[in-house]
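Read the structure below first, then the notes.
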Amino acid sequence: MTERNERLHALAKAATVHLRPADGEDKPLWGSGFFVAPGWVLTAAHVLRQHLKADRELTFRVRGEGVDAEARLAEWLLTDPDRPVVPLDEDMALVRLLGEADEHPHECVWLADRAVRHSGHVKVYGHYPEPPHTHARAVDADINGQEDGYGLIIKPDIDFPAGVSGGPLLDPVTGAVVGLVKSRRKQQDGGKAVAIAAMRRFGETYRTVIAAHDRWHGTEPVSESGDNWIDQQAGPAADGGTGWTPADRREALNLLAALPDAPTVEILATRARSGTKWPGPTPDLRTWRDGYGLLYEGAHPLDALTFLRYLKFVEAYTRSRGEPCPALGGWIERRLRRDPRREMHAFVRDVRLPDDLRPAPAERPDRIVIPYPGPGEGPTVAVLLDPVIGSRPTRFFWQIWLDGGDATGEPELYETDDSVHGRLPGELVQALRRPLGDLLRAKDRQDRPVPLEVALPAEYFDTAVHRWRFDDIAQLDDVGHLGARRRVVLRCLARRGDPDKLWADRWQAMTAQRRFVGWRTPQRGVVTTGRGYRDAAFDRIPVMCRPAGRGPGRTAMKLALENGHGVALWHIEGHVTRACAEDCDTLYVKAQELLGTLDSLAELPDRLRHLRQDISERRADHTWAEPLALLYDDPRRPLPAEETGTLDAPL
């Protein structure tokens, strides 16, 4: 082992801990973990599951070099703690020491920032029981495969003791921790590990922890041995200023950790690379750090000017949102002066935000966001459009239902279609004009138009109901389209009656969220399975640049509905081809900005109505949102169950 590797080994060993019962002097250890930020330990969820699934608030002990502290589970990725086998992409947990972080000074590992999963040699750390003591252990291993979205396969030439589960995998070449041990293989040597990028599935907690990690390393802490993680890492020589060094990376990520994150990570990383995409699929991007990790080719960082250009884009975007960041801007200039290629500095200094990323006009101060009513919180009107089976072209029978909004009442059938053959799509507005228009006007209150729900089979979700207009002649200042006047949402007709557990559980979890992110689906270069939708984080809202009733969008919507999603946004006139254009990236950024304005899920329908109203009044450039449809399907207020058999086309 070289002197450099010996020093990295000492740092990794100092950051590795073991977990055991609070009164566990004579009891087996649970497993291993490692410090990733002051007071934060990362471990495998299965290490804690059997001990905490009955009581997640149970305290336990974290022990390591100079640390013996009480701790508690902060969050794990498990969706079902009773599942017999913990899936790879759920086998991660964050543990928080009790008390103030500075009460127990300790070493923290350096977490890999590169987007790609590691392959090749690693050093594996952990603790194993050998009565009467617990021993730290470090073994050499090799990663020679991948599994699922975050899995790493360890070559079958090594046997891991049970207590090593949850310990870190160190890449000795880059000096970064790239994963944690999941398990041994059954009936053979080797094992499995979880890539460190799975931390992104913690959502808001990931943002908190990774920012604390980068800030801690940004202070250039020195261990008891006098070493520092970054000083021991390999990278381009600093001489000349053209190479991007580990010290540059530490400073850049420290500065990025101080900034609010934004949904433009992918677009700005692409522009920093002059439009050249990174190999492989685009990973989940939660923070500016995640976008920074796209600026590599394999294990090697791109040119220093590419990183500075990305940082300049971030600085310009943040400043445009009223968040000046002089520390970042000043460091970019100082670092640029060290680069001798003066003729190329314009590549960084001339960065300008594209028009599509400039901030939208400020929200009108007189606007009030009206939350969408839950059970007993106010009236809603629903139109059920039931296609006539066997009809070509498609015809619909309609029903109008009124939910009065009281806590105990059931929806009432207000009026039903009396036609013999059903209605063609182009005939629906005329047929509904009187009965639906009368009911809406009767239930509207001052500044509180009653919401309208339109329930359709998923294959007809691209019906532009938000464009319906019931008034042929309107006043000049009248906002005539339904979607501009009132909250108009779509619901899935197949979900009539009692909701299933996946749908109800996801909705309950989503209503507890206070921050939401758009989930690009189908994700480019990734085959998303039903399990991917089922296990998606609860703050994720599917966003599609495609129609929901045709092509890949139809498959994506089907999987979303089958796996419990009740909220989604999509472009009803988007492309049906698999390849996305640049304006697709803009749609996702704008949708994320919309979701970023929410303080609760119930605000989304009215936030979208505001955009539609602005488009109708020509007050702002929100045309990107005009073809956007919204699924908002609340299982707490199920659609009336179907009482009759299938409707067939008359002879």
Look at the rings of W519 and H565 and say which category their plane angle falls in: under 30° parallel, 30 to 60° tilted, over 60° perpendicular. tilted
Close aromatic pair by centroid cut-off 6.0 Å: H213 and W110: yes
Shortest non-hydrogen contact from D303 toward T242: OD2-O, 4.0 Å
Heavy-atom pair of closest approach, residues G149 and R117: O-CZ, 3.3 Å
Main chain of V86, side chain of K182: is a donor-acceptor contact present, judged purely on distance under 3.5 Å? yes
Using modelled atom types and a 3.5 Å cut-off, is there a donor and acceptor pairing between side-chain atoms of H121 and backbone atoms of D171? no
Over all heavy atoms of both residues, which pair between C545 and C580 is shortest? Give the atoms and the distance, please. SG-SG, 3.7 Å
Verify the ring-centre separation between W244 and Y296: is it less than 6.0 angstrom? no
Heavy-atom closest contact (P172 atom, K123 atom, distance): CD-N, 4.4 Å
The reported gap from CG in D89 to CG in D535 (rounded to nearest 0.5 angstrom) is 6.0 Å
Qualifying salt bridge (charged side-chain N to carboxylate O under 4.0 Å, His left out) pairs, either residue in residues 279-288, two or more places apart: D284-R286, D284-R540, R286-D539
Strictly distance-based, threshold 3.5 Å: is any side-chain N or O of E323 a donor or acceptor partner for the main-chain N or O of L259? no
Passing option when L94 is tested against F202, Y206, W76 for side-chain contact (heavy atoms from CB on, under 4.5 Å): F202
How long is the straight-line distance from CZ of R207 back to CG of D290, given to the nearest 0.5 Å? 9.0 Å
Between the side chain of R546 and the main-chain N/O of T577, is any donor-acceptor distance below 3.5 Å? yes
Pair T245, D248: side-chain N/O donor-acceptor within cut-off below 3.5 Å: yes
Can you give me the closest heavy-atom contact between A74 and R96, atom names plus distance? CB-CB, 4.2 Å
To the closest 0.5 Å, what do you measure between CZ (F307) and CZ (R335)? 10.5 Å
Sorted by chain and number, sequence neighbours left out, side-chain contact (heavy atoms from CB on, under 4.5 Å) with R334 holds for W331, R337
Using modelled atom types only, decide if a donor and an acceptor are shared between the side chain of H217 and the backbone of I230 within a distance under 3.5 Å. no
